[in-house]
Amino acid sequence: MRRSAIDMVRIAVVAAQKDGALKTECLPGIIIEKPKKEEFGDFSTNIAMLLAPVEKKAPREIASLIAERIKSLPEVEKCEVAGPGFINIFLKRSYWTEVLEEIIRKGDGFGRSEAGKDKTVQIEFVSANPTGPLHIGHGRGAAVGDSLSRVLKAAGFDVVREYYINDAGRQVRTLGASVRLRMDELQGKAITIPEDFYKGGYVKEIAREYLDKYPDVQGPDIQEYACNAMLSAIRKDLDDFGVAFDEWFSERSLDEKGLVASTIEELKRLGHIYESEGALWFRTTAFGDDKDRVLIKADGERTYFASDIAYHREKIKKGFTTLVNIWGADHHGYEGRIRALLKAFGHDDTVLKIIFIQLVALLRNGVPVAMGKREGEFVTLRQVMDEVGRDACRFFFLMRKADAHLDFDLELAKSQAPENPVYYVQYCHARIHSIIGFAKEKGLTLKDHFDSDLLARLDQKEEIEIIRRLSAFEETIEKSALNMEPHRITFYLMELAGLFHPYYNKTRVVTDDPVLTDARLLFCKAVGTVVANGLNLLGVSAPVKM
RNA sequence: GCGCCUGUAGCUCAGUGGAUAGAGCAUCGGCCUCCGAAGCCGAGGGUCGGAGGUUCGAAUCCUCUCAGGCGCGCCA
């Protein structure tokens with residue numbers, strides 16, 4: 001296993017402390033960065049500037065003390081002091097090329113780590129009400145949740161993906177009533193649709209389907225039927241989008257097991273419940289919420305929040321290290337009361353991480369596409385997926401930080417023009433495959449591993465630069481996992497492709513020199529492997545031909 | 001009024017204490033007798049919304065402020 005830069009600096013500082021060159025015993029957190037400028041080396045550290053106040057010496061003086069000791073490490077080519085006291089470390093080329101051997105050896109396992117060893121994460125996402133099809137906003141949540149799950153798994157976390165089904169309460173009753181009304185209509189009755197009923201075309205479709213199956217209207221409960229129909233449509237959408245769940249948690253099951261009632265009882269026992277104006281309240285303000293919240297309304301019906309506290313209590317009981325909720329940004333007002341509930345039960349609410357998904361603005365050639373759930377004319381995930389394809393759709397959703405607004409241009413996502421970033425990355429993979437195919441046609445066979453002769457031939461500046469990016473893949477996954485930011489993978493891939501394409505244009509892979517050709521072919525394969533692994537984390541395919 | 005998110009190139013966005021702030025698109029100019037031109041090379045383009053503060057050093061941290069979005073139900 002290669003020594004990390006951070007270890008090299010630590011070794012040097014500790015050595016300096018041992019022989020008395022440095023007086024302080026303490027070791028500040030070592031920060032290593034990768035300079036953008038080549039002249040600043042492979043790594044640089046600011047540790048001398050951090051030590052300066054405690055040592056009461058000039059930063060540059062301390063820097064040279066440490067640099068002297070870094071220089072003597074075997075993998076270090078040279079080490080310089082620069083600027084106000086930066087230590088710039090230049091490593092031998094062999095330090096970098098080793099990673100190629102690792103990529104070829106590990107294949108699709110390259111990039112995995114154990115950063116999340118023994119840690120369990122439950123990630124709840126989408127959780128759209130089964131009262132209508134998934135819209136574009138749900139799609140973004142699905143893409144982020146699914147990709148984040150993959151990233152967390154790659155970083156060694158145990159991940160459980162859960163979908164919470166709101167199959168209880170007024171919404172599903174309204175869905176049932178809406179379908180019933182449409183059935184009346186289909187049977188020739190005059191109807192007027194109340195304001196709060198669902199008006200989308202899918203309601204009529206369910207009604208028609210029911211009547212086709214049960215012309216005498218003697219089939220199963222209509223509400224139940226409608227809810228199930230919606231749910232299976234949602235599952236189909238997610239399936240086609242490449243998103244799978246481990247658990248489908250039914251809100252109704254909470255009531256069936258009496259968990260809502262028992263949770264409220266528990267809160268009562270803890271003294272967090274009071275009655276006022278005929279309703280039952282949870283004193284969430286005691287735990288930092290803006291206002292107290294109603295659990296049971298004056299009319300006797302419980303609120304959505306009431307089942308949500310039971311649901312989150314069940315989550316806690318399962319003992320995950322971290323709970324992740326992915327919510328639409330319009331739900332951020334809900335965060336305070338959920339945190340209040342965790343605290344009320346005596347839990348550290350930092351186990352809960354909430355990721356807010358900002359809205360998607362759908363455009364066509366730069367012009368906003370009208371969306372309005374009210375009119376039942378919102379754009380569905382299905383429509384977008386059918387139009388632009390699953391890969392482009394997922395890639396676009398992962399091109400931005402989750403909490404940043406996203407402009408999604410349908411024409412851009414579909415275009416096969418260079419301004420479409422999805423293809424830029426996929427093309428890199430296809431191109432590599434094609435190069436290898438070309439070599440095979442010429443009767444060449446790909447070597448199955450690197451040896452020092454091959455590695456020695458990879459000495460171009462561009463090759464080293466690419467290799468450095470390749471060696472940052474594992475770290476990128478780790479950071480992406482720990483910060484819960486899957487979009488980092490997208491950016492990584494665009495960067496990597498952005499290094500490979502120019503390299504390809506400049507450098508001939510299949511040459512007259514057999515050893516050089518072997519080296520470059522295997523090098524290309526390594527790049528292709530990392531591109532494929534990265535795309536897989538996004539849930540985007542890595543085509544061999546486009 | 002209170003809370004959350006966002007203000008970085010003409011546009012869309014990266015960059016959560018480091019060195020001369022980056023990319024893509026758009027604009028302009030080049031590259032296919034040679035492994036995929038869905039590609040490459042080059043050029044121009046910036047008071048990082050504004051003002052203070054902390055620091056050797058700030059797009060990044062703190063305070064205030066301006067602008068946009070969202071949320072503040074006995075709705076879900």
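None of the values given here were measured: they were computed from a predicted structure. Below, chains carry the letters A, B, ... as their sequence lines are ordered, and counting in each starts from 1.
Remark: ring of A:Y504 not stacked against base of B:G39; the cut-offs of centroid gap under 5.5 Å and plane tilt under 30° are not jointly satisfied. Both geometric conditions, a ring-centre gap below 5.5 Å and a plane tilt below 30°, are not fulfilled together for A:Y427 over the base of B:G39.
Set against B:A37, B:C5, B:C40, the side chain of A:P502 has B:C40 as its closest nucleotide.
RNA chain B is contacted by A:A329, A:D330, A:H331, A:H332, A:G333, A:Y334 of residues 328-341 of chain A, taking any non-hydrogen atom closer than 4.0 Å.
For the C1' atom pair drawn from B:A59 and B:G46, the interatomic distance equals 12 Å after rounding to whole Å.
Between the side chains of A:Y503 and A:E463, at least one donor-acceptor pair of N or O atoms lies under 3.5 Å. Looking only at atom types and distance, the side chain of A:K401 has no donor-acceptor partner in the side chain of A:N483 under 3.5 Å away.
Taking only distance into account, the side chain of A:N88 meets the base of B:A19 through a donor-acceptor pair shorter than 3.5 Å.
The one candidate from A:E335, A:H331, A:H312 that meets the side chain to side chain donor-acceptor pair (under 3.5 Å) condition with A:N325 is A:H312.
With its glycosidic angle more than 90° from 0, B:C62 is assigned anti.
The aromatic rings of A:F282 and A:F287 lie tilted to each other, with the angle between the two planes from 30° to 60°.
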Take A:R302 and A:E251, measure what salt bridge (Lys or Arg N to Asp or Glu O under 4.0 Å) needs, and give me the verdict at the end.
-> CA-CA 13 Å; A:R302 57 169 172 64; A:E251 177 183 3; 3.8 Å; yes
Test log, rule ring pair (Phe, Tyr, Trp, His ring centres under 6.0 Å), inputs A:F249 and A:Y311 = CA-CA 9 Å; A:F249 193 104; A:Y311 175 46; 4.8 Å; yes
